[in-house]
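Taking it in order: structure first as structure tokens, then the write-up.
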Amino acid sequence: WSPLCLVSICSSLGTFFVLFTIQRFGPLAFASISTVRQLFSSILSIVVFHHSVHLLQAVGLLVTFGSLGMMIRIKRYERAKSAGKGSLGDNRRASGAEEQGAE
């Protein structure tokens with residue numbers, strides 16, 4: 001196996017997983033996954049290779065990943081809000097009230 005074949009196979013597999021992720025979970029999930037991967041790459045680079053981080057770079061990292069975290073929290077909140085009475089906790093309360101009323 002030449003290194004060129006190995007690079008081609010890895011590239012093809014990477015493209016497959018990108019397309020699979022977008023098809024299965026949507027482009028927003030893929031963007032989030034990609035951003036988190038970049039965060040871990042940045043942290044790993046800083047820790048392993050002792051790269052320095054200037055103040056403006058640290059602010060950029062905080063803004064980028066803080067906004068990603070907020071986006072995930074907002075999405076979870078909207079899902080819970082749209083579920084409304086269909087949530088598990090509400091169903092438990094409703095079924096318990098029906099059982100008590102039936103007695």
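In this chain, numbering begins with 1 at the start of the sequence shown. Since the model is a prediction, treat every value here as computed from it, not as a measurement.
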Notebook entry, point to check: Shortest non-hydrogen contact from Val53 to Ala58?
Noted result: CG1-N, 3.7 Å
Check: CZ of Phe17 to CD1 of Ile33: how many Å apart, nearest 0.5 Å?
Finding: 12.0 Å
Next item on the list: Look at the side-chain heavy atoms of Ile, Leu, Val, Met, Phe, Trp and Tyr, link any pair under 4.5 Å apart, and say whether Met70 and Val59 land in one connected group.
Entry: no
Note to self: With rounding to the nearest 0.5 angstrom, report the CD to CG distance, Gln38 to Leu68.
What the structure shows: 10.5 Å
Checklist line | Distance (rounded to the nearest 0.5 Å) between Ser67 OG and Leu62 CG | finding: 10.5 Å
Note to self: Using the rule that Ile, Leu, Val, Met, Phe, Trp and Tyr join whenever any side-chain heavy atoms are under 4.5 Å apart, tell me whether Leu61 and Ile43 fall into a single cluster.
What the structure shows: yes
Margin query: How long is the straight-line distance from OG of Ser34 back to CG of Leu39, given to the nearest 0.5 Å?
Written below: 11.5 Å
Note to self: With rounding to the nearest 0.5 angstrom, report the OG to CZ distance, Ser42 to Arg37.
What the structure shows: 9.5 Å
Item checked: Evaluation steps, side-chain contact (heavy atoms from CB on, under 4.5 Å), between Ser82 and Glu78 -> CA-CA 6 Å; Ser82 68; Glu78 288 175 350; 6.0 Å; no
Next item on the list: Take Lys75 and Leu28 through the test side-chain contact (heavy atoms from CB on, under 4.5 Å) and record every step on the way to the result.
Entry: CA-CA 11 Å; Lys75 191 171 182 179; Leu28 184 61; 3.8 Å; yes
Notebook entry, point to check: Can you name the closest pair of heavy atoms from Gln57 and Ser52 and give their distance?
Noted result: OE1-O, 3.9 Å
Notebook entry, point to check: More than 12 non-hydrogen atoms from neighbouring residues, nucleotides or ligands closer than 6.0 Å to CG on Leu56, yes or no?
Noted result: no
Checklist line | Interatomic spacing from CE in Met71 to CZ in Phe65 - rounded to 0.5 Å | finding: 11.5 Å
